[in-house]
Amino acid sequence: MKNLLAITDLTVKEIDKLIETAEDIKENPEKYQDKCNHKRLATLFFEPSTRTRLSFESAMLSLGGKVLGFSDANSSSSSKGESVADTIRVVSNYADIIAMRHPKEGAPLVASMNSSVPIVNAGDGGHNHPTQTLADLLTIKTEKGRLNDLTIGFCGDLKFGRTVHSLIQALARYTGIKIVLISPSELAIPDYVKTDVMDKYNMQYSETTDLEAVMPRLDVLYMTRVQKERFETEEEYYRLKDSYILTTDKLVNAKKDMIILHPLPRVNEIEVAIDKDPRACYFKQVANGRLMRMALILKLLGLDGEKACEEKQPQPLETVKGIMKCKNPRCITTTEQELEQVFKLTENGVYRCIYCEENLEK
(Lines give C-alpha, C1' and ligand atoms only; values in the text may rest on other atoms or scores of the structure.)
Protein backbone atom coordinates (compact mmCIF):
# COMPACT_ATOMS: atom_id res chain seq x y z
CA MET A 1 0.00 0.00 0.00
CA LYS A 2 1.14 3.52 -0.74
CA ASN A 3 -0.25 6.94 0.17
CA LEU A 4 -0.12 10.23 -1.70
CA LEU A 5 0.53 12.98 0.84
CA ALA A 6 2.81 15.17 -1.29
CA ILE A 7 3.71 15.13 -4.97
CA THR A 8 7.23 14.07 -3.99
CA ASP A 9 5.80 10.70 -2.95
CA LEU A 10 5.71 9.99 -6.71
CA THR A 11 8.80 9.58 -8.89
CA VAL A 12 8.97 11.30 -12.26
CA LYS A 13 8.52 7.88 -13.86
CA GLU A 14 5.35 7.32 -11.82
CA ILE A 15 3.99 10.76 -12.72
CA ASP A 16 4.65 10.15 -16.41
CA LYS A 17 2.89 6.78 -16.16
CA LEU A 18 -0.14 8.40 -14.50
CA ILE A 19 -0.28 10.93 -17.35
CA GLU A 20 -0.09 8.08 -19.86
CA THR A 21 -2.93 6.24 -18.09
CA ALA A 22 -5.06 9.41 -17.94
CA GLU A 23 -4.57 9.97 -21.66
CA ASP A 24 -5.67 6.39 -22.34
CA ILE A 25 -8.74 6.82 -20.08
CA LYS A 26 -9.72 9.87 -22.12
CA GLU A 27 -9.41 7.96 -25.39
CA ASN A 28 -10.88 4.65 -24.15
CA PRO A 29 -13.25 5.30 -21.23
CA GLU A 30 -15.16 2.05 -21.72
CA LYS A 31 -11.98 0.08 -20.98
CA TYR A 32 -11.94 1.45 -17.43
CA GLN A 33 -15.64 1.65 -16.52
CA ASP A 34 -15.61 -1.48 -14.34
CA LYS A 35 -12.03 -1.40 -13.01
CA CYS A 36 -13.12 -0.47 -9.48
CA ASN A 37 -16.17 -2.67 -9.28
CA HIS A 38 -16.87 -3.49 -5.58
CA LYS A 39 -14.33 -0.88 -4.40
CA ARG A 40 -15.28 2.03 -2.14
CA LEU A 41 -13.79 5.53 -1.90
CA ALA A 42 -14.37 7.59 1.26
CA THR A 43 -14.23 11.36 0.76
CA LEU A 44 -13.58 13.06 4.10
CA PHE A 45 -13.74 16.81 3.53
CA PHE A 46 -13.27 18.73 6.77
CA GLU A 47 -13.01 21.92 4.68
CA PRO A 48 -15.40 23.23 1.98
CA SER A 49 -14.77 22.00 -1.55
CA THR A 50 -16.68 21.70 -4.80
CA ARG A 51 -14.27 20.78 -7.57
CA THR A 52 -11.91 18.46 -5.71
CA ARG A 53 -14.57 16.48 -3.85
CA LEU A 54 -16.83 16.05 -6.87
CA SER A 55 -13.82 15.27 -9.03
CA PHE A 56 -12.80 12.40 -6.72
CA GLU A 57 -16.37 11.12 -6.56
CA SER A 58 -16.85 11.35 -10.33
CA ALA A 59 -13.51 9.59 -10.84
CA MET A 60 -14.48 6.64 -8.62
CA LEU A 61 -17.98 6.35 -10.07
CA SER A 62 -16.54 6.43 -13.60
CA LEU A 63 -14.36 3.46 -12.64
CA GLY A 64 -17.39 1.49 -11.48
CA GLY A 65 -16.76 1.99 -7.77
CA LYS A 66 -18.86 3.45 -4.97
CA VAL A 67 -18.46 6.55 -2.80
CA LEU A 68 -19.24 7.40 0.82
CA GLY A 69 -18.19 10.23 3.09
CA PHE A 70 -19.04 13.79 4.13
CA SER A 71 -18.53 17.26 2.73
CA ASP A 72 -18.89 19.24 5.96
CA ALA A 73 -16.93 18.73 9.14
CA ASN A 74 -20.00 19.77 11.14
CA SER A 75 -21.78 16.62 9.94
CA SER A 76 -18.96 14.41 11.20
CA SER A 77 -17.87 13.35 14.67
CA SER A 78 -15.05 15.89 14.53
CA SER A 79 -17.70 18.41 15.59
CA LYS A 80 -17.93 16.38 18.81
CA GLY A 81 -14.20 16.56 19.31
CA GLU A 82 -13.13 13.29 17.67
CA SER A 83 -9.50 13.32 16.53
CA VAL A 84 -8.34 12.82 12.95
CA ALA A 85 -6.56 9.66 14.07
CA ASP A 86 -9.73 8.12 15.50
CA THR A 87 -11.84 9.16 12.49
CA ILE A 88 -9.42 7.44 10.15
CA ARG A 89 -9.19 4.32 12.30
CA VAL A 90 -12.97 4.02 11.96
CA VAL A 91 -13.44 4.96 8.30
CA SER A 92 -10.62 2.75 7.03
CA ASN A 93 -12.84 -0.18 8.07
CA TYR A 94 -15.51 1.02 5.64
CA ALA A 95 -13.53 1.93 2.53
CA ASP A 96 -10.72 0.72 0.27
CA ILE A 97 -9.17 4.18 -0.22
CA ILE A 98 -9.65 7.57 1.46
CA ALA A 99 -9.39 11.09 -0.02
CA MET A 100 -9.14 13.68 2.74
CA ARG A 101 -9.12 17.48 2.86
CA HIS A 102 -8.40 19.24 6.12
CA PRO A 103 -7.70 22.88 7.09
CA LYS A 104 -4.82 21.88 9.38
CA GLU A 105 -1.42 21.29 7.82
CA GLY A 106 -0.08 17.81 8.39
CA ALA A 107 -3.50 16.19 8.92
CA PRO A 108 -3.00 13.72 6.02
CA LEU A 109 0.27 12.56 7.58
CA VAL A 110 -1.56 11.84 10.82
CA ALA A 111 -4.23 10.02 8.81
CA SER A 112 -1.65 7.87 7.05
CA MET A 113 -0.17 6.86 10.41
CA ASN A 114 -3.54 5.48 11.51
CA SER A 115 -5.04 4.04 8.33
CA SER A 116 -5.21 0.50 6.98
CA VAL A 117 -6.01 1.76 3.46
CA PRO A 118 -4.33 4.31 1.13
CA ILE A 119 -4.71 7.98 2.04
CA VAL A 120 -4.82 10.69 -0.64
CA ASN A 121 -4.17 14.26 0.45
CA ALA A 122 -6.90 16.39 -1.16
CA GLY A 123 -5.41 19.54 0.37
CA ASP A 124 -4.13 20.35 3.86
CA GLY A 125 -4.27 24.01 4.80
CA GLY A 126 -1.70 26.03 2.89
CA HIS A 127 0.66 23.06 2.70
CA ASN A 128 0.18 20.56 -0.16
CA HIS A 129 -2.35 19.64 -2.84
CA PRO A 130 -0.76 16.85 -4.91
CA THR A 131 -3.78 15.78 -6.97
CA GLN A 132 -4.27 19.35 -8.20
CA THR A 133 -0.64 19.19 -9.28
CA LEU A 134 -1.37 16.06 -11.28
CA ALA A 135 -4.18 17.97 -13.03
CA ASP A 136 -1.80 20.87 -13.67
CA LEU A 137 0.89 18.63 -15.13
CA LEU A 138 -1.52 16.89 -17.51
CA THR A 139 -2.85 20.27 -18.66
CA ILE A 140 0.64 21.65 -19.29
CA LYS A 141 1.68 18.47 -21.11
CA THR A 142 -1.47 18.51 -23.25
CA GLU A 143 -1.36 22.21 -24.13
CA LYS A 144 2.41 22.73 -24.44
CA GLY A 145 3.42 19.24 -25.52
CA ARG A 146 6.15 18.95 -22.88
CA LEU A 147 7.04 19.32 -19.22
CA ASN A 148 10.61 20.50 -19.85
CA ASP A 149 12.11 23.83 -20.96
CA LEU A 150 9.32 26.11 -19.77
CA THR A 151 9.17 29.47 -18.02
CA ILE A 152 6.32 29.42 -15.52
CA GLY A 153 5.03 32.43 -13.60
CA PHE A 154 3.18 31.94 -10.31
CA CYS A 155 1.11 34.98 -9.37
CA GLY A 156 -0.84 35.95 -6.25
CA ASP A 157 -0.88 34.09 -2.95
CA LEU A 158 2.35 32.11 -2.96
CA LYS A 159 2.59 31.89 0.83
CA PHE A 160 -0.60 29.90 1.47
CA GLY A 161 -1.02 28.63 -2.09
CA ARG A 162 -0.67 24.87 -1.56
CA THR A 163 -1.18 24.26 -5.29
CA VAL A 164 1.86 26.43 -6.01
CA HIS A 165 4.05 24.60 -3.48
CA SER A 166 3.09 21.19 -4.88
CA LEU A 167 3.54 22.16 -8.54
CA ILE A 168 6.99 23.64 -7.92
CA GLN A 169 7.99 20.43 -6.14
CA ALA A 170 6.94 18.45 -9.21
CA LEU A 171 8.54 20.75 -11.79
CA ALA A 172 11.85 20.77 -9.91
CA ARG A 173 12.55 17.28 -11.22
CA TYR A 174 12.11 18.22 -14.88
CA THR A 175 14.83 19.96 -16.91
CA GLY A 176 14.99 23.52 -18.17
CA ILE A 177 12.28 24.89 -15.86
CA LYS A 178 12.48 28.59 -14.95
CA ILE A 179 10.23 29.94 -12.21
CA VAL A 180 9.02 33.53 -11.85
CA LEU A 181 7.42 34.31 -8.47
CA ILE A 182 5.00 37.25 -8.57
CA SER A 183 3.51 38.37 -5.27
CA PRO A 184 3.46 41.10 -2.63
CA SER A 185 6.16 40.54 -0.01
CA GLU A 186 3.54 39.52 2.56
CA LEU A 187 2.49 36.58 0.35
CA ALA A 188 5.94 35.47 -0.81
CA ILE A 189 6.79 31.79 -1.24
CA PRO A 190 7.75 30.05 2.05
CA ASP A 191 11.45 29.66 2.76
CA TYR A 192 11.25 25.87 2.86
CA VAL A 193 10.10 25.80 -0.80
CA LYS A 194 13.12 27.90 -1.75
CA THR A 195 15.73 26.00 0.24
CA ASP A 196 14.37 22.45 0.02
CA VAL A 197 13.13 22.57 -3.55
CA MET A 198 14.34 25.36 -5.82
CA ASP A 199 17.80 25.76 -4.33
CA LYS A 200 18.26 22.01 -3.87
CA TYR A 201 17.49 21.31 -7.52
CA ASN A 202 19.35 24.40 -8.78
CA MET A 203 16.20 25.81 -10.35
CA GLN A 204 16.42 29.22 -11.94
CA TYR A 205 13.94 31.51 -10.23
CA SER A 206 13.30 35.20 -9.72
CA GLU A 207 10.93 37.22 -7.53
CA THR A 208 9.03 40.35 -8.51
CA THR A 209 5.91 42.33 -7.67
CA ASP A 210 5.34 43.44 -11.30
CA LEU A 211 3.25 40.98 -13.32
CA GLU A 212 3.16 43.00 -16.55
CA ALA A 213 6.94 43.41 -16.63
CA VAL A 214 7.54 39.65 -16.77
CA MET A 215 4.51 38.70 -18.87
CA PRO A 216 6.39 38.50 -22.22
CA ARG A 217 8.74 35.83 -20.82
CA LEU A 218 6.10 33.37 -19.67
CA ASP A 219 5.06 30.10 -21.30
CA VAL A 220 2.63 29.41 -18.46
CA LEU A 221 0.92 31.88 -16.11
CA TYR A 222 -0.46 30.26 -12.95
CA MET A 223 -2.88 32.64 -11.22
CA THR A 224 -4.00 32.04 -7.63
CA ARG A 225 -6.71 33.33 -5.34
CA VAL A 226 -5.79 35.27 -2.22
CA GLN A 227 -7.39 32.94 0.32
CA LYS A 228 -9.42 34.65 3.00
CA GLU A 229 -9.62 31.45 5.08
CA ARG A 230 -5.82 31.35 5.55
CA PHE A 231 -5.44 34.79 7.16
CA GLU A 232 -5.42 35.36 10.90
CA THR A 233 -7.13 38.77 10.51
CA GLU A 234 -9.69 40.04 8.00
CA GLU A 235 -7.86 43.36 7.88
CA GLU A 236 -4.77 41.77 6.37
CA TYR A 237 -6.85 39.84 3.85
CA TYR A 238 -8.75 42.90 2.59
CA ARG A 239 -5.49 44.82 2.26
CA LEU A 240 -4.02 42.17 -0.05
CA LYS A 241 -6.99 40.52 -1.78
CA ASP A 242 -6.85 42.61 -4.96
CA SER A 243 -3.07 42.58 -5.35
CA TYR A 244 -3.29 41.06 -8.82
CA ILE A 245 -6.23 41.07 -11.22
CA LEU A 246 -5.57 39.66 -14.69
CA THR A 247 -7.34 41.67 -17.39
CA THR A 248 -7.31 41.49 -21.19
CA ASP A 249 -5.14 44.63 -21.28
CA LYS A 250 -2.41 42.89 -19.29
CA LEU A 251 -2.21 40.10 -21.88
CA VAL A 252 -1.27 42.41 -24.75
CA ASN A 253 2.43 41.56 -24.50
CA ALA A 254 1.98 37.91 -23.55
CA LYS A 255 3.03 35.12 -25.90
CA LYS A 256 0.31 33.97 -28.28
CA ASP A 257 0.79 30.38 -27.10
CA MET A 258 1.10 31.14 -23.39
CA ILE A 259 -1.44 29.24 -21.31
CA ILE A 260 -3.28 30.57 -18.25
CA LEU A 261 -3.91 28.19 -15.37
CA HIS A 262 -5.83 28.61 -12.12
CA PRO A 263 -6.70 25.91 -9.53
CA LEU A 264 -10.10 27.56 -8.93
CA PRO A 265 -12.32 28.77 -7.38
CA ARG A 266 -11.86 32.14 -9.00
CA VAL A 267 -13.03 35.25 -7.19
CA ASN A 268 -11.98 38.33 -9.15
CA GLU A 269 -8.32 37.64 -9.96
CA ILE A 270 -9.10 36.74 -13.59
CA GLU A 271 -11.45 38.94 -15.60
CA VAL A 272 -14.38 36.90 -16.95
CA ALA A 273 -13.73 38.21 -20.47
CA ILE A 274 -10.47 36.20 -20.52
CA ASP A 275 -12.50 32.96 -20.48
CA LYS A 276 -12.98 33.40 -24.25
CA ASP A 277 -9.22 33.71 -24.85
CA PRO A 278 -7.82 30.44 -26.30
CA ARG A 279 -4.97 30.73 -23.79
CA ALA A 280 -7.39 30.28 -20.86
CA CYS A 281 -7.03 26.65 -19.75
CA TYR A 282 -8.38 26.65 -16.21
CA PHE A 283 -11.61 24.83 -17.05
CA LYS A 284 -9.59 22.25 -18.98
CA GLN A 285 -7.70 21.68 -15.70
CA VAL A 286 -10.98 20.60 -14.12
CA ALA A 287 -11.54 17.88 -16.74
CA ASN A 288 -7.91 16.80 -16.50
CA GLY A 289 -8.15 16.57 -12.71
CA ARG A 290 -10.85 13.92 -12.96
CA LEU A 291 -8.76 11.87 -15.43
CA MET A 292 -5.65 12.04 -13.24
CA ARG A 293 -7.59 11.11 -10.11
CA MET A 294 -8.98 8.10 -11.96
CA ALA A 295 -5.43 7.08 -12.88
CA LEU A 296 -4.25 7.63 -9.29
CA ILE A 297 -7.05 5.57 -7.75
CA LEU A 298 -6.16 2.70 -10.07
CA LYS A 299 -2.50 2.96 -9.10
CA LEU A 300 -3.06 3.08 -5.34
CA LEU A 301 -5.48 0.16 -5.48
CA GLY A 302 -3.08 -1.87 -7.62
CA LEU A 303 -5.54 -1.99 -10.53
CA ASP A 304 -3.45 -0.20 -13.15
CA GLY A 305 -1.87 -3.36 -14.51
CA GLU A 306 1.57 -2.33 -13.31
CA LYS A 307 3.75 -4.70 -11.34
CA ALA A 308 3.55 -3.73 -7.69
CA CYS A 309 6.81 -2.35 -6.40
CA GLU A 310 8.01 -2.29 -2.83
CA GLU A 311 7.19 0.92 -1.07
CA LYS A 312 10.29 3.05 -0.72
CA GLN A 313 11.42 3.39 2.84
CA PRO A 314 12.22 7.00 3.76
CA GLN A 315 15.75 7.81 4.75
CA PRO A 316 16.08 7.96 8.54
CA LEU A 317 16.14 11.53 9.81
CA GLU A 318 17.57 12.87 13.01
CA THR A 319 14.56 13.93 15.03
CA VAL A 320 13.84 15.37 18.44
CA LYS A 321 10.58 14.74 20.30
CA GLY A 322 8.64 16.45 23.01
CA ILE A 323 10.94 19.28 24.07
CA MET A 324 9.87 21.84 21.48
CA LYS A 325 6.51 23.09 20.22
CA CYS A 326 5.46 24.05 16.69
CA LYS A 327 4.40 27.71 16.56
CA ASN A 328 2.47 27.45 13.30
CA PRO A 329 -1.21 28.16 14.14
CA ARG A 330 -2.25 26.12 11.08
CA CYS A 331 -0.41 22.96 12.20
CA ILE A 332 -2.41 19.84 13.08
CA THR A 333 -0.58 19.69 16.43
CA THR A 334 -2.54 22.76 17.59
CA THR A 335 -5.80 20.83 17.64
CA GLU A 336 -4.71 17.19 18.02
CA GLN A 337 -3.42 17.53 21.55
CA GLU A 338 -2.41 13.88 21.84
CA LEU A 339 0.11 14.20 18.99
CA GLU A 340 3.73 14.13 20.00
CA GLN A 341 5.68 17.15 18.82
CA VAL A 342 8.33 15.83 16.44
CA PHE A 343 10.94 17.87 14.58
CA LYS A 344 13.40 16.73 11.93
CA LEU A 345 16.85 18.19 11.49
CA THR A 346 17.27 19.53 7.95
CA GLU A 347 20.46 19.61 5.90
CA ASN A 348 20.73 23.30 6.80
CA GLY A 349 20.84 22.51 10.51
CA VAL A 350 17.32 23.79 11.18
CA TYR A 351 14.68 21.82 13.04
CA ARG A 352 11.39 21.55 11.15
CA CYS A 353 7.99 20.22 12.23
CA ILE A 354 7.36 16.88 10.50
CA TYR A 355 3.65 17.68 10.12
CA CYS A 356 3.48 21.20 8.66
CA GLU A 357 7.17 21.70 7.66
CA GLU A 358 7.39 24.97 9.57
CA ASN A 359 10.88 25.79 10.82
CA LEU A 360 11.41 25.99 14.54
CA GLU A 361 11.77 29.60 15.57
CA LYS A 362 15.17 30.43 16.96
Side-chain angles (χ1 to χ4, degrees), residues 1-28 32 35 52 55-56 59 63 97 99 108-109 112 118-124 127-152 154 161-179 193 196-198 200-203 219-220 222 259 261 263 281 284-315:
M1 185 197 68
K2 185 177 181 180
N3 306 296
L4 181 62
L5 307 183
I7 196 65
T8 50
D9 291 336
L10 296 169
T11 66
V12 171
K13 183 178 179 181
E14 288 173 323
I15 291 173
D16 291 344
K17 178 59 182 176
L18 287 171
I19 290 174
E20 182 183 322
T21 301
E23 291 170 338
D24 192 51
I25 291 171
K26 184 177 181 180
E27 294 299 318
N28 305 287
Y32 296 88
K35 287 280 190 178
T52 304
S55 179
F56 268 109
L63 292 168
I97 184 170
L109 176 59
S112 72
I119 297 291
V120 181
N121 180 4
D124 62 326
H127 192 210
N128 284 310
H129 196 348
T131 63
Q132 178 62 49
T133 297
L134 293 175
D136 300 340
L137 292 173
L138 178 57
T139 307
I140 295 170
K141 173 74 182 310
T142 302
E143 301 300 320
K144 301 300 294 182
R146 65 189 190 279
L147 290 172
N148 296 314
D149 303 315
L150 294 165
T151 299
I152 302 177
F154 292 94
R162 57 193 176 197
T163 61
V164 173
H165 307 163
S166 290
L167 184 51
I168 290 176
Q169 288 176 338
L171 292 169
R173 294 176 289 171
Y174 290 88
T175 60
I177 298 294
K178 298 178 182 177
I179 301 294
V193 179
D196 292 7
V197 184
M198 295 189 288
K200 179 179 178 179
Y201 287 92
N202 296 314
M203 296 183 79
D219 298 305
V220 179
Y222 198 102
I259 63 171
L261 303 182
C281 294
K284 292 180 180 179
Q285 281 173 274
V286 175
N288 288 332
R290 172 179 164 273
L291 294 172
M292 289 299 276
R293 290 180 178 106
M294 289 175 72
L296 179 67
I297 289 169
L298 291 173
K299 176 180 176 58
L300 294 180
L301 291 179
L303 301 173
D304 59 351
E306 291 290 295
K307 182 180 178 181
C309 57
E310 291 186 17
E311 189 167 349
K312 297 179 288 292
Q313 294 299 316
Q315 292 297 316

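Computed from heavy atoms alone, side chains included, the values below leave out hydrogens, waters and symmetry copies. Throughout, residue positions are numbered sequentially from 1 according to the sequence presented.
To the nearest 0.5 angstrom, Lys35 atom NZ is 9.5 Å from Leu63 atom CG. Distance check, rounded to the nearest 0.5 Å: CG of Leu261 to SG of Cys281 gives 6.0 Å. For the atom pair Ile168 CD1 and Tyr222 OH, the distance stands at 10.0 Å (nearest 0.5 Å). Taking OG1 of Thr11 as the reference point, atom NZ of Lys17 lies at 12.5 Å (rounded to 0.5 Å). Taking CG of Asn288 as the reference point, atom CD1 of Ile140 lies at 10.5 Å (rounded to 0.5 Å). To the nearest 0.5 Å, atom CG of residue Leu303 and atom CD1 of residue Ile297 are 10.0 Å apart.
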**Q.** CA sep, side-chain torsions, deciding dist, call: Val120, Leu296, side-chain contact (heavy atoms from CB on, under 4.5 Å)
**A.** CA-CA 9 Å; Val120 181; Leu296 179 67; 3.9 Å; yes
(Q) Working note: Leu5 + Ser112, criterion side-chain contact (heavy atoms from CB on, under 4.5 Å); need CA distance, chi angles, decisive distance, verdict. (A) CA-CA 8 Å; Leu5 307 183; Ser112 72; 3.7 Å; yes
Q.
Set out, in order, the CA-CA distance, both residues' side-chain angles and the distance that settles side-chain contact (heavy atoms from CB on, under 4.5 Å) for Leu301 and Leu298, then state yes or no.
A. CA-CA 5 Å; Leu301 291 179; Leu298 291 173; over 6 Å; no
Q: Given side-chain contact (heavy atoms from CB on, under 4.5 Å), test Met203 with Ile177 step by step and report yes or no.
A: CA-CA 7 Å; Met203 296 183 79; Ile177 298 294; 3.7 Å; yes
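What you find for Ala295 and Ala22 is that their closest heavy atoms are CB-N, 4.1 Å. Contact between Tyr32 and Asn28 at its shortest, heavy atoms only, is CD1-O, 3.4 Å. Here the closest non-hydrogen pair linking Ala135 and Gly289 is CB-CA, 3.4 Å.
In this structure Thr131 satisfies the side chain to side chain donor-acceptor pair (under 3.5 Å) test together with Arg293, sequence neighbours excluded. Residues meeting the side chain to side chain donor-acceptor pair (under 3.5 Å) test with Arg173, sequence neighbours left out: none. With sequence neighbours left out, Ala122 forms a side chain to side chain contact (heavy atoms under 4.5 Å, CB included) with Phe45, Thr52, Phe56, Arg101. In terms of the side chain to side chain contact (heavy atoms under 4.5 Å, CB included) criterion, residue partners of Thr8 (sequence neighbours excluded) are, by chain and number, Ala6, Gln169. With sequence neighbours excluded, no residue forms a side chain to side chain contact (heavy atoms under 4.5 Å, CB included) with Asn202. Applying the side chain to side chain contact (heavy atoms under 4.5 Å, CB included) criterion to Asp149, with sequence neighbours excluded, gives Arg146.
Asp219 places a side-chain N or O within donor-acceptor distance of the main-chain N or O of Thr151, the cut-off being under 3.5 Å. With hydrogens and angles disregarded, a donor-acceptor distance shorter than 3.5 Å links the side chain of His165 to the backbone of His127. Between the side chain of Ser166 and the backbone N or O of Thr163 there is no donor-acceptor pair closer than 3.5 Å. When atom types are taken as modelled, the side chain of Asn121 and the backbone of Gly123 share a donor-acceptor pair closer than 3.5 angstrom.
For the pair Met292/Leu18, a side-chain contact is recorded, criterion being any heavy-atom separation below 4.5 Å from C-beta on. With a 4.5 Å cut-off on side-chain heavy atoms, Asp136 and Gln132 count as touching. Asn128 has its side chain out of reach of Ile7: every pair of non-hydrogen atoms, C-beta onward, lies at least 4.5 Å apart. With contacts defined as side-chain heavy-atom distances shorter than 4.5 Å, the pair Tyr174/Ile15 qualifies.
In summary, Lys26 and Glu23 do not engage in a salt bridge, as defined by a charged side-chain N under 4.0 Å from a carboxylate O. Salt bridge Lys2/Glu14: present, at least one basic N to carboxylate O contact under 4.0 Å.
Atom NZ of Lys144 is surrounded by more than 12 heavy atoms from other residues, nucleotides or ligands within 6.0 Å.
When each of Thr139, Ile19, Leu167, Leu4 is paired with Leu134, the side chain to side chain contact (heavy atoms under 4.5 Å, CB included) condition holds for Leu4 and for no other.
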